[in-house]
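All values derive from a computational prediction rather than experimental measurement. Note: hydrogens, waters and symmetry copies are ignored here, and every other heavy atom, side chains too, is used. Every chain is numbered from 1, with letters handed out A, B, ... down the list of sequences.
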Amino acid sequence: MSETKPRKTYDPTALERRWQVRWAESGLYKTDEDPEKTKHYALTMLPYPSGDLHVGHWYAMTPSDTRARFMRMRGFRVFFPIGFDAFGLPAENAAINRGIHPYKWTISNIENMRGQLRQMGAMFDFGSEVVTCDPEYYRWNQWFFLEFFKKGIAYRTEAPVDWCPKDNTTLAREQVVGPDRRCERCGTQVIKKNLAQWLFKITDYAEELLDFSKIEWPERVKTLQTNWIGRSEGAEIDFEVENYGPVTVFTTRPDTLFGATFFVMSPEHPAVETITTPERSDEVRAYVEKAARMSEIDRTDVTREKSGVFTGAHAINPANGEKIPVFIADYVLMGYGTGAIMAVPGQDERDWEFAEKYGLPIIRTVQPPEDFDGKAYTGDGPAINSAFLDGLNVEEAKAGMAEWLEENGKGRAAVTYRLRDWLISRQRYWGTPIPIIYCDSCGTVPVPEGDLPVLLPEDAEFMPTGESPLKRDPDFYNTQCPACGGPATRETDTMDTFMDSSWYQYRYLSPHYDAGPFDPERGEKWLPVDQYTGGIEHAVMHLLYTRFFTKAMRDLGLVSFDEPMLKLFNQGIILGEDAEKMSKSRGNVVNPQEFVDRYGSDVLRSFLMFIGPWDQGGPWDGRGIEGVSRFLRRALSLTNGGTSDAEADPSELARRTARTVKKVTEDLEAFRFNTAIAALMEHTNYLLAVRGEAGERGWNESLRTFVLLLAPFAPHHAEEMWEALGEPYSVHEQPWPGWDEALIAAEEVTLVVQVNGKLRDRMSVPADISEEDAKELALSSARVRPHVEGRELRKSVYVPGRLVNLVVK
RNA sequence: GCGAGAGUGGUGGAAUGGUAGACACGCUAGAUUUAGGAUCUAGUGCCUUCGGGCGUGCGGGUUCAAGUCCCGCCUCUCGCACCA
């Protein structure tokens, strides 16, 4: 019978508190600056201070912490900072709804969350914390803005913008989601509005942003960004429109120009009004109005029948001089390409549909294969009806036409992107003021660097009216022109909060540095980020902006590399117990605090890592957490000095220990936390079953190794066990154990015997058994014999250490 | 419609082309306990005449051997959605 000493009461919360105090007192997680070690900058996406840590924060941060701890034990100097993305709408909404100032609301949330973060027991270096609504931080947003302005990266333009009527602010293109164009934050359908806005020329970097060769990022993110940037190669072609002049189209298929039998403009195209003939104007005007009234959701419905209206005008096909009719149609979008297309029904399905409906001629310019029975043919084939291109395949014909266009001044090779410039102006209070002054005599004047930061006034009226709240604060609004000293007014828009998160990883290095956005010496030592972790939802906003920002910083001479984060891992989403997304309205929100109070941080974090592959996410299982709690209690009991019936076989103990070290190491490298914990559980069960008399050397040595392996997952429990073993503080400063590959190979192996691929027997044999002996042994097995007797042995397969397969007829 | 990913016990999930279901949850029985809880031990894919048979969404193929590779379907999830 097993005999266990009476155990101290298990109180994980007290245990964890004790170690957290000790860690804080001893400065255990102060960043290691040892220049002898290789750097590892581990970064987890900074949270928005919404009030309380959500179980999603735990799911994002604690596995990152485990990974960072693992790297630290492996001998890297690790920088693992944390901060708060503190500007943004929720603070303003809270202020509006509850009358609390956004600053007060934000700061009290941050204080609350700081306490919860400490309870997490992660190795965050709280000394480098960054809070983005702090003037010490946003001053550098303004500084970057001015640098971008000088470089021509920041510019102002009057243009229709996407506007969220609920949040009363503009949105960047990336913040408008779905076919029905909703606000990424609140889900309201966006509308168009004409406003003068500040933008960043991210499109100048479109080509470079398509190059992922210097980073190891998930394919998914790379694909999303590539599609978002949406590069199309083709040509611009100038069509002479009657009584108007040249109108340029973009096409990816210049080779089909001879088949362009009509011309289509977007209803919003500026030429429409001028070219429409008087007899067509009523119909055209009606169509334009109808298109404008139509909701975006209807406008973008692919299944809708094509419609359009003839303007009465004609354009000249530059290739053959044919007069072709000019239509307007809502399937041509002003926001893509040039807002006008040449229609080639023979090679484009939409154009075919349109041509059929309006009885327009169809000319094929690519010969479809004989068995082709469709309508528009989009595949490859020899050019026909195309004069000098005839006989060429599509690629050759494209090049041939581009050359011809260029030579004849009718067009040119061109590349178009779907990506738009990044609109950063927000008509809101709670953000970084844009450091620009407007003067009647000097125009747009940047705030001199020495006058930064332009402080956000504390007492502005921030009710949303659709106008920038700062405009109604005369002390802020009215100022002097820095150039001429005359009366002037300030820009009253604030910056998109994605500005804050585009470069925070640099500020972490020296959060109080005042000679620049970050201390270049610190940058030299730590940049770029080695491992970034966060949610996939940021694939085309934050992750694209921060790449752009780093490239712009490089062009300003601030950094010498091209990419901000070398490796990226996206964790999944943790769902409610009903396998639905957690939401207050569904009532399936899991409050981590409840579980921290009951089981402690180590159990909660280990459970979240054990639940399944980290990138998969998955539903919360309130019962499952018990299993992990049991595991950590059992692990802890290993240091209580009990004994069990069985004694460890020394070579098996050594083998299993080495195997566990290998498994956990390799799994941690690959972010496979779930199988690493499974291996630790298995090893715990084994160690419990074979603890002989206390003091047995091999067993104790194995336990010591086990505690080291446990440390990144359950840092508090491991510390407690380490102390119980009489080892010096702290387990987190110990080197990661290695393993001897030679120990892993077993002396005896279980060989599987198959007959025609079917499992018939298992035998325990020496690992180095010869093929002949293995086969002979297999044939002599009582369970195998009935299946082979009287049949011809045609072949046998021997896989050393694994199986013998006897193939009989 | 296009693109990507995924379908394995009652559940979450494991499986370099080589013992399917590791590790857990749950469940069953037993031990302990005043009781409950906790803990410990054993069992737990399905069927079975106890020999064995069948099993990784469905149908085919390659192979000595397929959850894994190939082809064709079905279902689900996530992107994108008239992009010229």
Side-chain angles (χ1 to χ4, degrees), chain A residues 1-2 4 7 10 177-180 219-221 223-224 227-228 230-232 234 237 249-253 256 260 264 266 299-304 306 329-333 335-344 347-351 353-354 416-418 536-537 539-540 572-573 579 607 610-613 615-616 618-631 633-634 637 644 663 672 674-685 688-689 750-762 783 786 794-808:
Chain A
M1 280 286 74
S2 47
T4 324
R7 200 189 293 144
Y10 176 65
V177 295
D180 48 345
E219 281 310 316
R220 231 174 119 201
V221 175
T223 306
L224 280 167
N227 292 344
W228 188 259
R231 181 183 200 273
S232 293
I237 303 177
V249 304
F250 174 76
T251 177
T252 54
R253 293 293 302 275
T256 63
V264 190
S266 158
R299 180 98 183 248
T300 55
D301 182 359
V302 203
T303 58
R304 229 175 81 247
K306 298 276 169 291
D330 58 13
Y331 77 91
V332 176
L333 310 172
Y336 183 79
T338 61
I341 61 162
M342 63 180 214
V344 190
Q347 273 75 229
D348 184 283
E349 280 160 21
R350 293 159 303 171
D351 296 346
E353 200 188 314
F354 196 90
T416 290
Y417 301 92
R418 203 184 86 108
I536 187 77
E537 67 273 19
V540 285
I573 300 169
F607 171 63
F610 182 62
I611 208 165
D615 52 351
Q616 233 168 73
W620 172 266
D621 177 3
R623 288 178 309 192
I625 195 168
E626 281 289 349
V628 176
S629 175
R630 251 174 284 200
F631 157 59
R633 267 175 287 165
R634 283 159 67 85
S637 79
S644 57
K663 175 81 181 146
R672 288 188 302 253
N674 58 328
T675 47
I677 291 177
L680 289 173
M681 287 175 167
E682 201 172 354
H683 199 54
T684 302
N685 294 341
L688 273 173
T750 302
L751 210 57
V752 167
V753 184
Q754 297 179 335
V755 178
N756 291 346
K758 262 195 188 320
L759 174 75
R760 293 301 175 189
D761 198 9
R762 298 183 168 95
R783 311 181 76 125
R794 301 179 63 189
K795 184 180 177 177
S796 70
V797 179
Y798 174 61
V799 182
R802 290 220 179 251
L803 59 78
V804 176
N805 188 11
L806 304 167
V807 184
V808 297

Quiz item: With sugar-phosphate meaning primed atoms plus P, OP1 and OP2, does Arg231(A) contact a base, only sugar-phosphate, or nothing at under 4.0 Å between heavy atoms?
Solution: nothing
Self-check item: Contacts of type side chain to side chain contact (heavy atoms under 4.5 Å, CB included), residue Lys306(A), not counting sequence neighbours
Solution: Tyr331(A), Arg350(A), Glu353(A), Phe354(A)
Quiz item: Pairs counted as Watson-Crick or G-U wobble with both distances under 3.5 Å: what dot-bracket string results for RNA chain B, using | for bases tied to another strand?
Solution: (((((((..(((.....[....)))((((((.......))))))(((....)))..(((((..]....))))))))))))....
Quiz item: Picking from G18(B), C40(B), U19(B), which would you name as closest to the side chain of Val752(A)?
Solution: U19(B)
Practice problem: Could I get the full list of salt bridge (charged side-chain N to carboxylate O under 4.0 Å, His left out) partners for Arg760(A), not counting sequence neighbours? | Solution: none
Can you tabulate the close N/O pairs, meaning under 3.5 Å, that link protein atoms to atoms of nucleotides 42-45 of chain B?
none

Quiz item: For Arg794(A), which contact category applies under a 4.0 Å heavy-atom criterion: base, sugar-phosphate, or nothing?
Solution: nothing
Quiz item: Can you list the residues that meet the ring-ring contact (aromatic ring centres under 6.0 Å, His included) rule with Trp228(A), with sequence neighbours excluded?
Solution: none
Quiz prompt | Asp615(A): side chain to side chain contact (heavy atoms under 4.5 Å, CB included) partners, not counting sequence neighbours | solution = Phe569(A), Pro613(A)
Quiz item: Syn or anti for G51(B), with syn set at within 90° of 0?
Solution: syn
Quiz item: Between Glu682(A) (CD) and G21(B) (C1'), how many Å, whole number?
Solution: 14 Å
Quiz item: Just checking Val264(A): base, sugar-phosphate only, or nothing, at a heavy-atom cut-off of under 4.0 Å?
Solution: nothing
Exercise. Taking atom P in both G7(B) and C69(B), compute the distance separating them and give it to the nearest angstrom.
Key: 11 Å
Practice problem: Specify the separation, in whole Å, of atom CZ of Phe631(A) and atom P of C23(B). | Solution: 13 Å
Exercise. Rounded to whole angstrom, note down the P distance from U39(B) over to A4(B).
Key: 48 Å
Quiz item: Does any non-hydrogen side-chain atom of Thr256(A) lie less than 4.5 Å from one of Met342(A)?
Solution: yes
Quiz prompt | Between Ser232(A) and Tyr336(A), a side-chain donor and acceptor under 3.5 Å | solution = yes
Practice problem: Would you give a per-nucleotide map of nucleotides 49-57 of chain B, 5' to 3', where B means the base has a protein non-hydrogen atom under 4.0 Å away, S means only the sugar-phosphate does, and - means neither? | Solution: ----SS---
Exercise. Can you tell me, in whole Å, how much space there is between the C1' of A66(B) and that of U19(B)?
Key: 15 Å
Self-check item: Side-chain N or O of Arg802(A) closer than 4.0 Å to phosphate OP1/OP2 of G17(B)
Solution: no
Quiz prompt | P-based separation of U49(B) from C58(B) [nearest Å] | solution = 26 Å
Self-check item: Interatomic distance at C1', C23(B) relative to C70(B), whole Å
Solution: 33 Å
Quiz item: Base, sugar-phosphate, or nothing: which does Ile625(A) touch, judged by heavy atoms less than 4.0 Å apart?
Solution: nothing
Quiz item: Taking atom types as modelled and ignoring hydrogens, do the side chains of Arg634(A) and Asn685(A) form a donor-acceptor contact shorter than 3.5 angstrom?
Solution: yes
Quiz item: Nearest to the side chain of Ile341(A) - A84(B), U39(B), C82(B)?
Solution: A84(B)
Self-check item: P gap between C73(B) and G26(B), integer Å
Solution: 43 Å
Restricting to nitrogen or oxygen on both sides, can you table the protein-nucleotides 3-13 of chain B pairs closer than 3.5 Å?
residue: G12(B); atom: O2'; partner: Ile611(A); partner atom: O; Å: 2.7

Practice problem: Go through the structure and list residues passing side chain to side chain contact (heavy atoms under 4.5 Å, CB included) with Val752(A), not counting sequence neighbours. | Solution: Gln754(A), Leu759(A), Leu803(A)
Quiz item: For atom P, what is the distance between C46(B) and G9(B), given to the nearest Å?
Solution: 12 Å
Exercise. Report the nucleotide, chosen from U19(B), G18(B), A22(B), that has the shortest atom-to-atom distance to any side-chain atom of Leu759(A).
Key: U19(B)
Quiz item: So what does Asn685(A) hit on the nucleic acid, given a heavy-atom distance under 4.0 Å: a base, only sugar-phosphate, or nothing?
Solution: sugar-phosphate
Self-check item: Chi class for G9(B): syn within 90° of 0, otherwise anti
Solution: syn
Self-check item: salt bridge (charged side-chain N to carboxylate O under 4.0 Å, His left out) against Arg231(A), all qualifying residues, sequence neighbours excluded
Solution: Glu207(A), Glu233(A)
Self-check item: Set of residues satisfying side chain to side chain contact (heavy atoms under 4.5 Å, CB included) with respect to Asn756(A), sequence neighbours excluded
Solution: Arg791(A), Val807(A), Val808(A)
Quiz item: Out of C82(B), C23(B), U19(B), which nucleotide sits closest to the side chain of Arg762(A)?
Solution: U19(B)
N/O-N/O pairs, protein side and nucleotides 60-68 of chain B side, under 3.5 Å:
residue: C64(B); atom: O2'; partner: Asn805(A); partner atom: ND2; Å: 3.1
residue: C64(B); atom: O2; partner: Asn805(A); partner atom: ND2; Å: 2.6

Exercise. Would you check if there is a donor-acceptor pair between the side chains of Arg633(A) and Ser629(A) at a distance under 3.5 Å?
Key: yes
